[in-house]
Participant: 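Handing you a structure now.
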Amino acid sequence: MKKIIFIISIALIMAGSATAGDLTEMNKGMKGRVNHEALYDDSCNACHTGSAKQFVDDSACQDCHGSINEIEIDESQLKMAEANPHKSVHYDQGASCLACHAEHQTKKPVCSECHRTWFEEM
Amino acid sequence: MSDRRSFLKKTAGFAAAAAGLTTCLPAQANGQSSIKWDEEVDLLVIGSGFAGQSVAVNSIRAGIKVTVLEKMQVIGGNSAINGGWFAVPRNPVQLAQGVTDDSPAELVKDQMIAARGMGNEAMLTRLAEMALPAYNMCLDAGVKFKKDFNIQVGGHNKARAVRLESGTGGGIITKLYEAGLSEGVDYRLQHKVEDFIMDGDEVIGVVVRKGYRFPDEGTGHLVKIRARKGVVLATGGFTRNMKLRSIVDPSLDPSLDCTNHLGATGEATLAAMTHGALPVHMNMIQTGHWGSPDEGGFGWSNALLSIGWHKGIAVNPTTGTRIMDERADRLTCSTAIMACRHKDGSPAYPLVFFNKNDHLGDSRVTRAVRDEMAWEFDSLELMAKKFDVPLKQLEATVEQWNSYVADKNDPDFNRKMDTAVKLAAPFVVSRVWPKVHYCMGGLKTDLDGRVINAKTLAPMKKFYAAGEATGGVHGHARLSSCACLEGLAIGFIIPNTIKADA
Ligand SMILES: Cc1cc2nc3c(=O)[nH]c(=O)nc-3n(C[C@H](O)[C@H](O)[C@H](O)COP(=O)(O)OP(=O)(O)OC[C@H]3O[C@@H](n4cnc5c(N)ncnc54)[C@H](O)[C@@H]3O)c2cc1C
């Protein structure tokens, strides 16, 4: 377990903190984020409890990355200051990671439903 | 960032979560002893918009433990994306402006006119009387309103609408959420209520899809939660439920998009109806003619058109001719706009355009152009090319319009010409198509927020409804800035009801 923590730490440092990791092919024929590679060695249980469909919430993300307000975003990458999804005037901390991020495929963030030109699919 | 969180902690978290799921508490309700509850709570609130959050915060302050279930991956529903207008008779800015003759009764007078005989005067009065406490609750929670701002909005006889500094109801939602969290409200996202568990006329719990990932109905898994003190349905409207929408109002064209959040689908209302809750006014659905097909939600369109309706004209792209008195009421404009169709019946979105140089630097224009829901053109020719409009006719239309402006007379549609100006390139152009906006209908409640039973017309037990999910309050038309008021105000009433019913 300690080894995994170590690998994750290194991966996070290398990936930087600004954006979600790129999608890459994982060993089980499934796509995943490069910075999560180590998690895939350990079966799906690192994030999923039971079957994938039953996945409950984003506590798995939060336990490593911290809460939405704690995660720093590289603001120079934003289209404009208002387009900071971690400081949304609509939701602030009341947004699940999964509203904008997906692990195995790209996803359009929830904000792009209205603000169509503000965000890229991640 | 990872050093603060240990993997071990994470694993322990999962173990606890898994244990929580499998704990089955024995059911104790009368006649329901066979029910295996996964969890028991005191008060269960469904929905985290204005109504749900105000009920939650006021309940916990009244000593009632609360759990809020929200099906989406974000809090707030329509409230989080709304335009941030809030009607508050006798608010401090209004008084400072010298408007001292307003009162809750004055507001209700306006609402009853808009309701066209179908409103609930007693209920509107109870809600209006809670406007100031609701406003103060916001201030206490740290909500920021636009400084010194209080204006008169459509259908109101007085300036009494304040507005959030951020321009959206999210300014309230995020702060009430913060307050609720710190005071011990238990909020859960991705918990979709699918059914109610009844003991006769009393609601004793709910069936919840836990871990739901909208819109995939196969995600998550079902759990049963017992609610000892009651269930508050604060699930909002159903404008995104196309099937229901067309059943209750077949006149609503399916081509109409919607301003609402994607989860406004009304399944909890329908589930309550199957257990005997009485729905009213379900066919009364408000649309706005100010929508744009080039953005989602409410967007910038309405604000941009506040220029366009006065300084510009609306043209059918297939003919190049004007379509209406641009300043006419909603119904007249909606009808004229929706008559613009291509041969195959699909919408031919009318173009509204005005002079760019008269509004340089106006944020209503700059943000619309920035976000690609409006465009700037240096000539009619370029505009005609982009939207496939017959150029000759478009030129003729503008020339004729400019002569109408000179004469201060619009022989085609009899528009009031006091704000009209001659059109000259460059232009700002946007497209319009009406959007469905608000459900006046929903579950009937008594004045204390209890859901009414369709068979007995008496209140059901421990079953409450709040906000846009209720019906029969606003009658034919809800006035702008009054839905914010309704949702926040009912939160002061329902906790008292729950205490009285205990
Ligand atoms: C774009 C827009 C602009 C507006 N502008 C204004 C304005 O400026 N002023 C004003 O007064 N009004 C405005 N309105 C209207 C007003 O915002 C809404 O009527 C009001 O927010 C409704 O509040 P609510 O709490 O009843 O419902 P909502 O805020 O919609 O909350 C309902 C919540 O319940 C959740 N839910 C639904 N079903 C379930 C289920 N089965 N299980 C669990 N959760 C469920 C939803 O996901 C949602 O989060 C606007 C509306 C829109 C859409």
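Just the heavy atoms: all of them, side chains too, but no hydrogens, waters or symmetry mates, feed the values below. Quick note on labels: first sequence line is chain A, next is B, and so on, each numbered from 1.
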Participant: Could you check whether atom NZ of K108(A) has more than 12 heavy atoms from other residues, nucleotides or ligands sitting under 6.0 Å from it?
Facilitator: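 No, because the 6.0 Å sphere around NZ of K108(A) holds 12 heavy atoms or fewer from other groups.
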Participant: Please state whether the side chain, the backbone, both or neither of V89(A) comes within less than 4.5 Å of a heavy atom of chain B.
Facilitator: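 Looking at V89(A), backbone and side chain both touch chain B.
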Participant: Name the region of D294(B), side chain, backbone, both or neither, that has any atom closer than 4.5 Å to a heavy atom of chain A.
Facilitator: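 For D294(B), backbone heavy atoms alone lie under 4.5 Å from chain A.
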Participant: So, for S96(A) and Q190(B), which heavy atoms are closest and what is the spacing to 0.1 Å?
Facilitator: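 Distance-wise, the nearest heavy atoms are OG-OE1, 3.7 Å.
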Participant: If you measure from CZ on R370(B) to NZ on K79(A), what distance do you get to the nearest 0.5 Å?
Facilitator: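 The CZ atom of R370(B) sits 11.0 Å away from the NZ atom of K79(A).
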Participant: Sub-4.5 Å heavy-atom contacts with chain A: which residues of residues 171-180 of chain B show up?
Facilitator: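 Within residues 171-180 of chain B, near chain A: G171(B), I173(B), T174(B), Y177(B), E178(B).
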Participant: Does the side chain to side chain contact (heavy atoms under 4.5 Å, CB included) test come out yes or no for I81(B) and Y91(A), once each step is laid out?
Facilitator: CA-CA 9 Å; I81(B) 60 167; Y91(A) 309 120; 3.6 Å; yes
Participant: Using non-hydrogen atoms only, which part of L164(B) is less than 4.5 Å away from chain A: side chain, backbone, both, or neither?
Facilitator: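 Interface part for L164(B): neither.
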Participant: Tell me, please, which residues at least two apart from D362(B) pass salt bridge (charged side-chain N to carboxylate O under 4.0 Å, His left out).
Facilitator: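 With sequence neighbours excluded, D362(B) shows a salt bridge (charged side-chain N to carboxylate O under 4.0 Å, His left out) to R364(B), given in chain and number order.
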Participant: Can you tell me if E120(A) has over 12 outside heavy atoms packed within less than 6.0 Å of its CD?
Facilitator: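 Count not over threshold, so no.
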Participant: Answer yes or no: are there more than 12 heavy-atom neighbours, outside K31(A) itself, under 6.0 Å from its atom NZ?
Facilitator: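 Atom NZ in K31(A) is not crowded, with 12 or fewer foreign heavy atoms closer than 6.0 Å.
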Participant: Do other residues, nucleotides or ligands put more than 12 heavy atoms under 6.0 Å from the NZ atom of K107(A)?
Facilitator: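 Atom NZ in K107(A) is packed in, count exceeds 12.
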Participant: In a table with atom names and distances, give each donor-acceptor pair under 3.5 Å that connects a side chain of residues 296-304 of chain B to protein atoms at least two apart or in another chain.
Facilitator:
| residue | atom | partner | partner atom | Å |
| --- | --- | --- | --- | --- |
| W300(B) | NE1 | D371(B) | OD2 | 2.8 |
| S301(B) | OG | W290(B) | O | 2.8 |

Participant: Going from CD on E372(B) to CH2 on W118(A), what distance comes out if it is rounded to the nearest 0.5 angstrom?
Facilitator: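 Answer for the CD-CH2 pair, E372(B) versus W118(A), is 13.0 Å.
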Participant: Please assess E113(A) against H261(B) for the test side chain to side chain contact (heavy atoms under 4.5 Å, CB included), listing each intermediate value before the final yes or no.
Facilitator: CA-CA 9 Å; E113(A) 169 59 22; H261(B) 83 118; over 6 Å; no
Participant: Could you tell me which residues satisfy salt bridge (charged side-chain N to carboxylate O under 4.0 Å, His left out) with D186(B), sequence neighbours excluded, listed by chain and number?
Facilitator: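 D186(B) satisfies salt bridge (charged side-chain N to carboxylate O under 4.0 Å, His left out) with R188(B) only.
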Participant: What part of Q93(A) lies closer than 4.5 angstrom to a heavy atom of chain B: side chain, backbone, both or neither?
Facilitator: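 Q93(A) touches chain B through backbone and side-chain heavy atoms alike.
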Participant: Where do L189(B) and A95(A) come nearest, in terms of heavy atoms and distance?
Facilitator: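 Answer, listing the atom of L189(B) first, then A95(A): CD1-C, 4.2 Å.
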Participant: When rounded to the nearest 0.5 angstrom, what is the spacing between NE2 in H101(A) and CD in Q73(B)?
Facilitator: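 H101(A) atom NE2 to Q73(B) atom CD measures 11.5 Å (nearest 0.5 Å).
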Participant: Counting distance only, does the side-chain N/O of H90(A) pair as donor-acceptor with the main-chain N or O of G170(B) below 3.5 Å?
Facilitator: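 No.
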